[in-house]
Amino acid sequence: MKAVVITTPGGPEVLQLQEVEDPQIKEDEVLVKVEATALNRADTLQRQGKYPPPTGASSYPGLECSGTIEAVGKNVSRWKIGDQVCALLSGGGYAEKVAVPAGQVLPVPQGVSLKDAASLPEVACTVWSTVFMMSRLSAGETFLVHGGSSGIGTFAIQIAKYKGVRVFVTAGSEDKLAVCKDLGADVCINYKNEDFVARVKEETDGKGVDVILDSIGAPYFQKNVDSLSIDGRLFLLGFMGGFVTQVNLASLFAKRITVQAAGLRTRSLENKAEIVSEVEKNVWPAIAAGKLKPVVYKYLPLSKAAEGHQLMESSKHAGKILLVT
């Protein structure tokens with residue numbers, strides 16, 4: 001099969017489409033013939049040598065895919081050859097075939113094309129596990145997501161609105177904020193010319209928001225704390241702005257704030273299977289009902305993975321970038 005190989009750590013140009021061995025499946029895995037895969041920020045970090053795949057995972061990038069099942073391991077009962085599916089991966093999505101633990105496979109949601117289904121597993125599992133399972137966001141609450149036009153952001157806006165939440169977003173251009181508004185965001189803040197803490201306070205009568213989802217990290221940490229309500233919950237998904245900061249601990253204490261951080265890729269197979277099951281139960285019906293839709297910015301052939309990474313690192317896109325085999 002063909003796969004995108006990271007030939008050496010570096011810029012987008014190190015991604016090369018090469019002929020490689022087909023993956024071998026274990027007893028509790030399925031082999032998926034890939035229709036499409038989606039880019040994630042983690043892929044760009046892996047390409048730079050900063051985010052190695054977990055032990056035993058494919059060395060090729062790609063944390064999600066869609067496609068058709070081509071083979072099933074002998075312990076797999078739910079899935080059969082020919083099923084159209086999408087899947088959460090630990091790696092290996094940038095390829096024509098990938099082996100996937102059966103517990104990380106999802107049916108293609110009703111009303112979504114096989115190709116577009118590749119844009120869903122990583123964002124759905126990330127947002128559902130962090131915002132709802134761990135931060136317990138619920139109807140009637142307020143929620144701020146930074147980078148509202150990102151893959152994570154565009155999905156978070158939709159699922160939060162579906163759940164009856166008032167949604168705040170930050171983004172860096174009026175075009176990106178327009179995308180967020182179209183998806184249902186209630187308060188759209190351009191972080192380049194507006195102080196998001198002041199705007200959040202103004203829009204909530206000084207109370208702050210209940211939950212924040214943040215991928216910026218250090219430079220936003222104290223600002224996030226200042227933007228939270230009493231009993232507020234901050235979830236850190238990434239550290240695009242840096243890892244180290246100073247924080248006023250008294251402000252955490254005074255507001256009874258909970259701070260959590262987690263990724264998806266390094267979780268155990270059991271934990272991932274639990275999240276995938278919760279997503280199918282809670283999120284897939286909303287997609288089938290037309291309340292959530294995939295937001296795809298661009299489709300590129302697998303051979304143009306480098307171009308996809310350049311686009312992602314330029315941050316000019318809104319929504320997901322897909323590679324199609």
Side-chain angles (χ1 to χ4, degrees), residues 36-44 63-64 66 109 111-113 115-128 130-132 137 142-196 199-200 203 209 211-216 220 224 227 235 237-238 240-241 283 286-287 289-300 307-324:
T37 186
L39 271 63
N40 288 280
R41 283 272 169 200
D43 306 345
T44 65
L63 299 177
E64 57 194 330
S66 62
V112 176
S113 70
K115 185 165 66 171
D116 284 355
S119 70
L120 294 170
E122 179 76 16
V123 290
C125 291
T126 297
V127 173
W128 188 259
T130 58
V131 177
F132 293 94
L137 181 66
T142 48
F143 171 53
L144 166 62
V145 57
H146 292 299
S149 64
S150 67
I152 294 281
T154 52
F155 190 86
I157 293 165
Q158 295 181 82
I159 189 69
K161 288 307 296 177
Y162 172 71
K163 286 289 182 183
V165 169
R166 187 171 181 224
V167 178
F168 293 62
V169 299
T170 62
S173 75
E174 295 311 311
D175 287 349
K176 288 182 176 182
L177 291 173
V179 170
C180 298
K181 194 166 179 50
D182 285 347
L183 292 171
D186 298 287
V187 180
C188 301
I189 305 163
N190 187 331
Y191 67 82
K192 289 186 176 167
N193 55 30
E194 202 170 355
D195 173 14
F196 73 80
R199 183 76 187 278
V200 163
E203 295 281 350
V209 292
V211 175
I212 298 177
L213 186 62
D214 175 49
S215 296
I216 305 300
Y220 274 18
N224 283 331
S227 302
F235 206 103
L237 261 190
M240 285 165 62
V283 179
I287 298 173
K291 304 294 184 188
L292 278 88
K293 62 181 184 188
V295 181
V296 179
Y297 181 77
K298 192 164 194 177
Y299 304 95
L300 291 165
E307 188 182 318
H309 276 229
Q310 284 166 344
L311 176 58
M312 174 160 265
E313 289 176 317
S314 76
S315 288
K316 289 177 180 158
H317 63 296
K320 297 284 280 190
I321 303 161
L322 265 51
L323 299 177
V324 183

(request) Just grab all the salt bridge (Lys or Arg N to Asp or Glu O under 4.0 Å) pairs involving residues 144-161, residues at least two apart or on different chains. (result) Lys161-Asp186

(request) Could you list all the side chain to side chain donor-acceptor pair (under 3.5 Å) pairs where at least one residue sits in residues 171-183, not counting sequence neighbours? (result) Glu174-Asn190

(request) First locate atom OG of Ser119, then atom NZ of Lys293, and finally report the distance between them rounded to the nearest 0.5 Å. (result) 12.0 Å

(message) Using the rule given for side chain to side chain contact (heavy atoms under 4.5 Å, CB included), can you reason through Ile152 versus Leu213, listing the C-alpha separation, both sets of side-chain angles and the distance that settles it, and then say yes or no?
(response) CA-CA 10 Å; Ile152 294 281; Leu213 186 62; 3.8 Å; yes

(message) Once side-chain contact (heavy atoms from CB on, under 4.5 Å) is applied, do any residues pair with Tyr162, and if so which ones, sequence neighbours excluded?
(response) Ile159, Ala286, Lys291, Leu292

(request) Search all heavy atoms of Ala185 against all heavy atoms of Ile157 and return the closest pair with its distance. (result) N-CG2, 3.6 Å

(message) For a quick test of reading the model, state the closest non-hydrogen atom pair linking Val145 to Ala156 and the distance between them.
(response) CG2-CB, 4.4 Å

(request) With sequence neighbours left out, write down each residue that passes side-chain contact (heavy atoms from CB on, under 4.5 Å) with Met312, or none if nothing qualifies. (result) Leu39, Arg41, Thr44, His317, Ile321

(request) Side-chain contact test, heavy atoms from C-beta onward, threshold under 4.5 Å: evaluate it for Ile287 versus Val112 and give yes or no. (result) yes

(request) Kindly write out the residues that satisfy side-chain hydrogen bond (donor to acceptor under 3.5 Å, both in side chains) with Asn40, not counting sequence neighbours, or none if the list is empty. (result) Glu64, Lys320

(request) Nearest 0.5 Å please: distance from the CD1 atom of Ile189 over to the CD atom of Glu194. (result) 6.0 Å

(message) For the CD1 atom of Ile212 and the CG atom of Asn224, what is their distance to the nearest 0.5 Å?
(response) 4.0 Å

(message) Do Val283 and Phe155 have side chains that approach each other closer than 4.5 Å (heavy atoms only, starting at C-beta)?
(response) yes

(request) Applying side-chain hydrogen bond (donor to acceptor under 3.5 Å, both in side chains), name anything that partners Gln310, two or more places apart in sequence or on another chain. (result) none

(request) Go through the structure and list residues passing side-chain hydrogen bond (donor to acceptor under 3.5 Å, both in side chains) with Ser113, not counting sequence neighbours. (result) none

(message) Can you list everything that forms a ring pair (Phe, Tyr, Trp, His ring centres under 6.0 Å) with His146? Sequence neighbours excluded, please.
(response) Phe196, Tyr220

(message) Please find the pair of heavy atoms, one from Leu322 and one from Ala38, that lie closest to each other, and give the distance.
(response) CD1-CB, 3.8 Å

(message) If you define the side chain from C-beta out and look only at heavy atoms, does anything of Val200 sit under 4.5 Å from Phe168?
(response) yes

(message) I'd like to check the side-chain hydrogen bond (donor to acceptor under 3.5 Å, both in side chains) partners of Ser227; sequence neighbours left out, ordered by chain and number.
(response) none

(message) Within the structure provided, determine whether Asp214 and Leu237 are in side-chain contact (heavy-atom separation under 4.5 Å).
(response) no

(request) Begin from the C-alpha positions of Leu63 and Asp43 and carry the test side chain to side chain contact (heavy atoms under 4.5 Å, CB included) through to its verdict. (result) CA-CA 8 Å; Leu63 299 177; Asp43 306 345; 3.8 Å; yes

(message) Going by the rule salt bridge (charged side-chain N to carboxylate O under 4.0 Å, His left out), which residues pair with Lys316 if we only count those two or more places apart in sequence or in a different chain?
(response) none

(request) To the nearest 0.5 Å, tell me how far Glu122 CD sits from Thr37 OG1. (result) 10.0 Å

(request) Keeping to residues at least two apart or across chains, list the salt bridge (Lys or Arg N to Asp or Glu O under 4.0 Å) pairs with something in residues 163-173. (result) Arg166-Glu203

(request) Would you please name every residue forming a side-chain contact (heavy atoms from CB on, under 4.5 Å) with Ala160, sequence neighbours left out? (result) Leu137, Phe143, Val165, Val167

(message) Looking at Leu311, is its backbone amide N or carbonyl O close enough to the side chain of Ser314 to form a donor-acceptor pair, meaning the two atoms are under 3.5 Å apart?
(response) yes

(message) Among Cys180, Ser150, Ser149, which residue satisfies the side-chain contact (heavy atoms from CB on, under 4.5 Å) criterion with Val169?
(response) Cys180

